[in-house]
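Written below as structure tokens is the structure these notes are about.
Both backbone and side-chain heavy atoms feed into the values below; hydrogens, waters and symmetry mates do not. The first residue of the sequence shown is numbered 1, and numbering continues consecutively from there.
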Amino acid sequence: MALVTTTEMFKKAYHGGYAVGAFNVNNMEIVQAITEACREEKAPVILQVSKGARAYANHTYLVKLVEAAVIECPEIPIALHLDHGDSFETCKACIDGGFTSVMIDASSKPFAENIEITRKVVEYAHDHGVVVEAELGALAGIEDEVNVSADNAHYTRPEEVEEFVSKTGCDSLAIAIGTSHGAYKFKPGTKPQLRFDILEEVSRRLPEFPIVLHGSSSVPKEYVDMVNAYGGAMPGAVGVPEEQLRHAAQLSVCKINIDSDLRLAMTGTIRKFFAEHPEKFDPREYLKPARANIKELVRHKLVDVLGCSGKA
């Protein structure tokens, strides 16, 4: 099976009451862990590459890693997606370079300018058989190249979504309902709560249209504790409750982005390995358990959070 777009993935997810996991990838071990878990669980998957990942690992290396995953896991549909493309030029480079889906994030721009930029990307992408995710609303937090202060964050306005989708022709829409980028999404001691009223109103206005949630890592406490126990300093790292993500997936959310969780699993595992084996230096020795823990974390997300196990 070749790389696919997200069109059929989202159609099945919307009517099946589940979401497809979108996992950010930076290196071989992360790609392997994600796709091996998806193959074993028979789950579709979106492998995402951010602007920061392209700068770190090189566009060509990342594309070839994903193409290798397609060869190794021919039973499952895999889409290659640009996460938070910040310009037409970045989106064009990915479209021309083998991606099957791109996100243009012009959410920081005024409404009319967001429409103009998004429509330009959509026209080019559709001419090349690629689908486009756009964004309305602004999530707070820091993740790779995305850095939005709390003062500049704002919820998606449901009264704008119909005009935006109609005028841009985008294929899916990322909305802001209380998630945020990074590992510090909510203050310790507070009760995290997503704005399902906004999601439901957006869904009413855009029936059968795929909605996307960014900043949706749950920040597993076991890995936060592991990082802190072995020399880290991550006090107050709190993520989105998994039961709320599962509820979102049962509504109109067809794609849920997961990033920080995988990084925490890798970092915590490596910190623990070196604390227990200070004499070791071979990267294969510490990356192997890190890959294994990422794989089990992804499996948990597929089964218990996204609900997409067995949906390939």
Give a yes or no on whether the backbone of [Y] and the side-chain of [X] come within a donor-acceptor separation of less than 3.5 Å.
| X | Y | value |
| --- | --- | --- |
| Ser309 | Glu41 | yes |
| His300 | Glu296 | no |
| Thr168 | Cys170 | yes |
| Arg291 | Glu29 | no |
| Thr100 | Val130 | no |
| Thr269 | Ala290 | no |

With sequence neighbours excluded, give me every salt bridge (Lys or Arg N to Asp or Glu O under 4.0 Å) pair touching residues 238-252.
Glu242-Lys301
Can Arg205 and Glu201 be said to form a salt bridge (Lys or Arg N to Asp or Glu O under 4.0 Å), step by step?
CA-CA 6 Å; Arg205 291 171 179 267; Glu201 179 60 17; 2.8 Å; yes
Would [X] end up clustered with [Y] when hydrophobic side chains under 4.5 Å apart are linked, directly or stepwise?
| X | Y | value |
| --- | --- | --- |
| Val131 | Leu47 | no |
| Val240 | Val303 | no |
| Ile34 | Leu306 | yes |
| Val212 | Val102 | no |
| Phe23 | Leu213 | yes |

Would you say [Y] and [X] are linked by a side-chain donor-acceptor pair, where the criterion is simply a distance under 3.5 Å?
| X | Y | value |
| --- | --- | --- |
| Asp96 | Tyr124 | yes |
| Asp261 | Ser218 | yes |
| Ser203 | Ser252 | yes |
| Asn24 | Asp83 | yes |
| Glu133 | His84 | no |

Considering only heavy atoms from C-beta outward, does the side chain of [X] approach that of [Y] to under 4.5 Å?
| X | Y | value |
| --- | --- | --- |
| Pro158 | Ile198 | yes |
| Tyr223 | Met266 | no |
| Ile117 | Lys109 | yes |
| Lys255 | Gln48 | yes |
| Leu194 | His247 | no |
| Val253 | Leu251 | no |
| Met9 | Val4 | yes |
| Phe88 | Ile104 | no |

Please determine whether side chain to side chain contact (heavy atoms under 4.5 Å, CB included) holds for the pair Lys51 and Leu82, giving the CA-CA distance in whole Å, both sets of side-chain angles, and the decisive distance to 0.1 Å.
CA-CA 8 Å; Lys51 180 181 176 182; Leu82 169 65; 5.6 Å; no
To the nearest 0.5 Å, tell me how far [X] [atom1] sits from [Y] [atom2].
| X | Y | atom1 | atom2 | result |
| --- | --- | --- | --- | --- |
| Cys308 | Lys42 | SG | NZ | 13.5 Å |
| Leu136 | Ile175 | CG | CD1 | 9.5 Å |
| Lys92 | Ser87 | NZ | OG | 11.5 Å |
| His214 | Ile258 | NE2 | CD1 | 12.5 Å |
| Ser50 | Asp86 | OG | CG | 10.5 Å |
| Glu72 | Ile78 | CD | CD1 | 10.5 Å |

Are more than 12 heavy atoms, taken from residues, nucleotides or ligands other than Phe111, located less than 6.0 Å from that residue's CZ atom?
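Enclosed: over 12 neighbouring heavy atoms sit under 6.0 Å from CZ of Phe111.
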Pair Arg204 + Glu200, salt bridge at N-O below 4.0 Å
no
With the threshold set at 4.0 Å, does a side-chain nitrogen-carboxylate oxygen contact exist between Arg39 and Glu75?
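Salt bridge between Arg39 and Glu75, a charged N being under 4.0 Å from a carboxylate O: no.
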Using side chain to side chain donor-acceptor pair (under 3.5 Å), reason through His126 and Asp171 one step at a time and then give a plain yes or no.
CA-CA 10 Å; His126 285 183; Asp171 302 284; 2.8 Å; yes
Quick one: closest heavy-atom pair of [X] and [Y], and the distance?
| X | Y | value |
| --- | --- | --- |
| Gly97 | Val63 | O-CG2, 3.8 Å |
| Asn58 | Thr60 | OD1-N, 2.8 Å |
| Phe274 | Lys280 | CE2-O, 3.5 Å |
| Thr35 | Cys73 | O-SG, 3.7 Å |
| Ile256 | Ala249 | CD1-CB, 4.3 Å |
| Ala265 | Ile294 | CB-CG1, 4.1 Å |

The test is side chain to side chain donor-acceptor pair (under 3.5 Å); show your working for Asn293 and Lys295 and say whether it passes.
CA-CA 5 Å; Asn293 280 348; Lys295 179 178 175 180; over 6 Å; no
For residues Phe99 and His81, establish whether the separation of their ring centroids is below 6.0 Å.
no
Given Gln244 and Phe196, is the side chain to side chain contact (heavy atoms under 4.5 Å, CB included) satisfied, shown in steps?
CA-CA 9 Å; Gln244 294 191 31; Phe196 287 107; 4.0 Å; yes
Check the pair Phe164, Glu160 against side chain to side chain contact (heavy atoms under 4.5 Å, CB included), reporting the backbone distance first and the verdict last.
CA-CA 6 Å; Phe164 184 85; Glu160 295 179 340; 5.5 Å; no
Apply side chain to side chain contact (heavy atoms under 4.5 Å, CB included) to Ser101 and Ile46, showing your working.
CA-CA 9 Å; Ser101 175; Ile46 300 165; over 6 Å; no
